[in-house]
Amino acid sequence: PPPPPAPRPVATGADILTLNVGGERVVQRRRSTLCALKGSFLASRFSGASERGLGWRYRGDDDFALSVRTAPSLTGEKTGNTLAPGDAFQVAEEQRGPDGILYLKLADGRGWVFERKPGVGVMCERVKEQDLDREGRHFVNYSPTIFLPLLDYLGMKELEVKGHPVPPPKAPEHMRDEFDAMLRDFGILPSMGIGERRLLLAMAMPYSAVPWWAYGLAFEVRTKRRPILLTALETCGVTREGDEVSEGGSPTATAPAPPPVPCTLHVAEGPLRERLGQRSAWIEVGRGTLAHRTGSRIVLANSIMIKPAVATCLYIATAVPAGDLGRSGVAFGAPTPAGVSAEDGDVTVMTGHFSTRFDDFSDGGWYPFIGKIEYTLPLSHE
């Protein structure tokens with residue numbers, strides 16, 4: 001079980017904010033709870049930074065990321081850091097350049113960005129004063145049906161223990177589009193439309209030739225230089241019934257195809273060796289079915305941001321009854337040395353471990369994922 005969370009400091013009156021949610025509900029929350037997601041526009045809005053004139057937000061109207069510079073200059077060397085559209089930030093220094101552009105030094109030390117760019121327009125804007133109703137309460141222009149689940153999530157996030165991440169907030173089924181739009185507006189969920197869609201092929205062999213299968217497979221995905229937005233993956237299942245129907249590994253023209261294998265897709269942040277066996281670390285992000293030796297696509301319920309220098313683990317687990325273990329499962333390649341199993345210019349997929357039940361992984365050989373990884377690469381202002 002996870003260790004108990006650290007106690008929170010006692011809140012003063014100024015640290016408790018009253019919210020008018022959509023004109024329908026009035027609730028109170030700690031400022032620290034509303035700021036639990038550091039770097040989001042939601043946190044910036046309620047941090048009090050705008051009251052001190054320090055709060056800024058990268059607009060990103062054209063859905064490009066903004067490259068951070070080492071110096072207050074449009075042509076300055078890039079640091080490798082970027083701001084995504086909607087990102088909020090605080091400023092330690094403002095400097096008007098000889099070109100008339102206002103340059104902003106990020107308070108966290110990452111470097112400089114600029115308020116506007118010739119030929120493009122306004123890039124960054126000050127966070128406006130919070131909207132208040134007539135009673136001085138912070139007005140939130142969203143329905144309580146979608147905002148209150150977010151508040152519950154923030155409360156759990158504030159108490160999150162390292163190694164035991166809080167599951168992402170879930171949308172009411174009938175208002176999923178509105179919920180995702182709210183998360184994007186608050187800078188919590190990246191926009192699906194940002195950047196260039198790409199596909200990593202991890203096809204060391206065709207699905208018809210995959211030699212191994214098991215209850216589940218877990219492996220690491222790493223991004224090389226820039227963050228990516230993981231949106232879907234493809235792989236296949238294998239059933240002994242299907243292989244018995246046809247020696248070629250696919251159903252004959254007259255024999256019916258074996259039923260697909262139900263599966264769930266889970267994600268956990270951190271090295272795979274630290275996540276094996278930590279059942280509470282895995283968060284479900286998608287569901288689907290795996291057809292016998294046929295590419296089967298699993299779309300993530302919410303896209304996942306994978307950042308440089310932070311390993312992210314994916315786990316494909318099947319819903320195979322205990323009595324059928326070994327007769328069907330998710331496919332993967334033959335044992336191979338630990339290391340890279342597939343990569344392109346943006347993403348690296350590492351070899352992983354198979355499981356015989358949800359939290360029982362192999363501790364010997366390493367096995368490669370066979371399939372495809374779909375992701376979006378954020379565009380950047382050069």
Side-chain angles (χ1 to χ4, degrees), residues 1-58 83-84 86-92 106-110 125-133 135-171 179-180 182-190 268-270 280-281 283 302 304-305 307 310:
R8 289 182 295 189
V10 177
T12 65
D15 291 326
I16 298 177
L17 304 182
T18 302
L19 312 179
N20 175 353
V21 184
E24 302 175 44
R25 291 282 300 275
V26 174
V27 298
Q28 290 186 320
R29 288 295 187 276
R30 296 171 183 262
R31 187 187 298 275
S32 59
T33 300
L34 295 166
C35 299
L37 293 174
K38 306 300 182 185
S40 68
F41 179 61
L42 178 68
S44 179
R45 173 176 175 180
F46 293 108
S47 69
S50 63
E51 300 166 9
R52 301 188 300 272
L54 303 175
W56 286 78
R57 183 187 191 186
Y58 170 48
L83 296 178
D87 276 359
F89 58 94
Q90 294 187 14
V91 169
L106 303 185
D108 58 13
R110 283 180 293 168
E125 61 184 2
R126 294 185 192 273
V127 177
K128 299 177 181 178
E129 292 295 325
Q130 295 119 339
D131 294 325
L132 302 177
D133 66 11
E135 279 76 40
R137 302 172 297 201
H138 297 266
F139 183 76
V140 178
N141 194 30
Y142 286 102
S143 165
T145 304
I146 59 175
F147 188 73
L148 294 184
L150 175 59
L151 282 184
D152 293 338
Y153 167 73
L154 293 173
M156 294 186 293
K157 188 71 176 175
E158 186 182 14
L159 299 175
E160 185 177 65
V161 176
K162 185 178 181 180
H164 297 273
V166 174
K170 290 188 176 180
F179 188 77
D180 286 352
M182 177 187 69
L183 295 185
R184 284 192 289 271
D185 184 46
F186 285 143
I188 299 170
L189 180 67
E269 191 173 283
S280 62
I283 299 171
N302 286 324
I304 301 297
M305 179 69 78
K307 301 177 181 179
V310 178

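Keep in mind it's a predicted model, so treat the numbers as computed, not measured.
Going from atom CZ of R31 over to atom CG of D15 covers 6.5 Å, rounded to the nearest 0.5 Å. The CH2 atom of W56 sits 13.0 Å away from atom CD of Q90, with the distance rounded to the nearest 0.5 Å. A distance of 9.5 Å separates CG of L37 from CG of L183, quoted to the nearest 0.5 Å. Interatomic distance, L83 CG to R57 CZ, rounded to the nearest 0.5 Å: 12.0 Å. Atom CD1 of I304 and atom CD of E269 lie 10.0 Å apart (nearest 0.5 Å).
Annotation for C35 and A43: closest pair SG-O, 3.4 Å, computed over non-hydrogen atoms. When all heavy atoms are compared, the tightest approach of A268 to A281 is CB-O, 3.5 Å. F179 approaches P169 most closely through the heavy-atom pair CZ-CB, 3.7 Å. Closest non-hydrogen pair, P144 versus P149, comes out as O-CD, 3.8 Å. For E160 against V166, the heavy-atom pair with the smallest separation is OE2-N, 2.7 Å. Across all non-hydrogen atoms, the minimal contact from L154 to L34 is CD1-CA, 4.3 Å.
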Give the intermediate values and the outcome of side chain to side chain contact (heavy atoms under 4.5 Å, CB included) for residues Y142 and L150.
CA-CA 11 Å; Y142 286 102; L150 175 59; over 6 Å; no

Kindly indicate, with the supporting measurements, whether the criterion side chain to side chain contact (heavy atoms under 4.5 Å, CB included) is fulfilled by F46 and L19.
CA-CA 11 Å; F46 293 108; L19 312 179; 3.8 Å; yes

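Heavy atoms from other residues, nucleotides or ligands lying under 6.0 Å from CG of N141 number 12 at most.
Considering R29, H138, Q28, E135 in turn, Q28 is the only one that fulfils the side-chain hydrogen bond (donor to acceptor under 3.5 Å, both in side chains) rule with T18.
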